[in-house]
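To start, the structure under review is shown below, and the notes come after it.
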Number of protein chains: 2
Amino acid sequence: MNRNASDVCEVYYVNEKHVAKARKVLSSDREILALAETFRNLGDPTRVKILQALTVEELCVCDLAKLLGVSESATSHQLRVLRSRRLVRFRKEGKMAFYSLDDEHIVTLMKEALRHVREGIA
Amino acid sequence: MNRNASDVCEVYYVNEKHVAKARKVLSSDREILALAETFRNLGDPTRVKILQALTVEELCVCDLAKLLGVSESATSHQLRVLRSRRLVRFRKEGKMAFYSLDDEHIVTLMKEALRHVREGIA
DNA sequence: ATCACACATGAACATGCGTTCAGGTGTAGG
DNA sequence: CCTACACCTGAACGCATGTTCATGTGTGAT
């Protein structure tokens, strides 16, 4: 049978001090969820490309669609995901919508993640 | 019908210069995929908690399971995901496996993401 | 006003992902 | 050797997520 955390574990070998210590540094559930959702929004190749592209300059949906090689509809959906976590913002100019990165944290996140990835020899 | 990037778009209003400029900054497909996978691995509340907890000190699977309130099996699976992108590493000591963060980039990523999240009033 | 277009949205479908269950591996102790 | 245990892994289930199709919205031009 599968053991769960309530039988053997806590009595015989869990180090409660370590657990308590670790628990203190955890963010609130709300922040944890927000963090996870933010990372998940970043966790798609198409959206990574969008964000990398937007580090240069703002782009309209059509340019992005062309760059990514997907339909405008798909691009628009992805942009909505990114908007939901305030990773990008946009302004309307006539019929066009120009998207840009919402804040500098995003740039930092991307750069730091890229460093991590590149360290992996790969 | 749905328009795709190959009919109207490129001829009439896509700004090819912008597209070309943006394309230059894009990482290789391999790096893009690695980035997306890394972010996706971070995009789960349980794994976020694990990483936050490990910023304090290394912990064994059992401690983590207790902290998270889930089974050891589930914890082990999540740890495997984190290992797959080298977000954590582990060392064996007798029967126990102690996990810790793989590099400092992870700490930076978490902190920066937390700043972003907290700026969102929320 | 009407049309074309640039983009957004809703719904449906298929894939992927996290969780759980069951069993497996390797180590420590008797 | 055998047992107990700390952890790992494979498979299956169910939900969430990404993509596509079709339609809707709003702007600019004629």
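The sequence lines fix the lettering, A, B, ..., with proteins before strands; numbering per chain opens at 1. These values consider heavy atoms only, across backbone and side chains, with no hydrogens, waters or symmetry-generated copies.
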Next item on the list: Look at atom CD of Glu104(A) and say whether more than 12 heavy atoms of other residues, nucleotides or ligands are closer to it than 6.0 Å.
Entry: no
Next item on the list: Remember a base hit wins even if backbone is also touched, and classify Thr46(B) as base, sugar-phosphate or nothing at under 4.0 Å, heavy atoms.
Entry: sugar-phosphate
Next item on the list: Pick base, sugar-phosphate or nothing for Ala74(B), based on heavy-atom distances below 4.0 Å to the nucleic acid.
Entry: base
Note to self: By nearest heavy atom, map Phe90(B) and Gly94(A) onto DNA chain D; which one lands nearer the 5' end?
What the structure shows: Phe90(B)
Rounded to the nearest Å, what distance is computed from the [atom1] atom of residue [X] to the [atom2] atom of nucleotide [N]?
X        : N       : atom1 : atom2 : result
Leu82(A) : dA8(C)  : CG    : P     : 12 Å
Lys92(A) : dC5(C)  : NZ    : P     : 17 Å
Leu42(B) : dC17(C) : CG    : P     : 14 Å
Arg91(A) : dT27(D) : CZ    : C1'   : 15 Å
Arg80(B) : dA11(D) : CZ    : C1'   : 11 Å
Asp63(B) : dA6(D)  : CG    : P     : 11 Å
Arg40(A) : dC15(D) : CZ    : C1'   : 12 Å
Lys95(A) : dT30(D) : NZ    : C1'   : 12 Å

Note to self: Less than 4.0 angstrom from a charged side-chain N to a carboxylate O is my criterion; do Glu58(A) and Arg91(A) meet it?
What the structure shows: yes
Check: Do Ser76(B) and dT9(D) have a side chain to base donor-acceptor pair shorter than 3.5 Å?
Finding: no
Next item on the list: Indicate, yes or no, whether a donor-acceptor pair under 3.5 Å links the base of dT9(C) to the side chain of Ser73(A).
Entry: yes
Next item on the list: Kindly confirm whether the side-chain ring of His77(A) is stacked on the base of dT19(D), judged by centres under 5.5 Å and planes under 30°.
Entry: no
Notebook entry, point to check: Quick one: are Glu112(B) and Glu112(A) in side-chain contact, heavy atoms under 4.5 Å?
Noted result: no
Check: Is Leu26(A) close to Leu67(B) at the side-chain level, that is, under 4.5 Å between some pair of heavy atoms?
Finding: yes
Notebook entry, point to check: What nucleotide among dC7(D), dC7(C), dG18(D) has an atom nearest to a side-chain atom of Gln78(A)?
Noted result: dG18(D)
Item checked: Which nucleotide in dC7(D), dC7(C), dC17(C) has an atom nearest any side-chain atom of Ala97(B) -> dC7(D)
Can you tell me if the side-chain N/O atoms of [X] get under 4.0 Å from OP1 or OP2 in [N]?
X        : N       : answer
Tyr99(A) : dA8(C)  : yes
Arg83(B) : dT9(D)  : yes
Arg47(A) : dG18(D) : yes

Item checked: side chain to side chain contact (heavy atoms under 4.5 Å, CB included) between His116(B) and Leu87(A), intermediate numbers included -> CA-CA 9 Å; His116(B) 172 74; Leu87(A) 299 173; 3.7 Å; yes
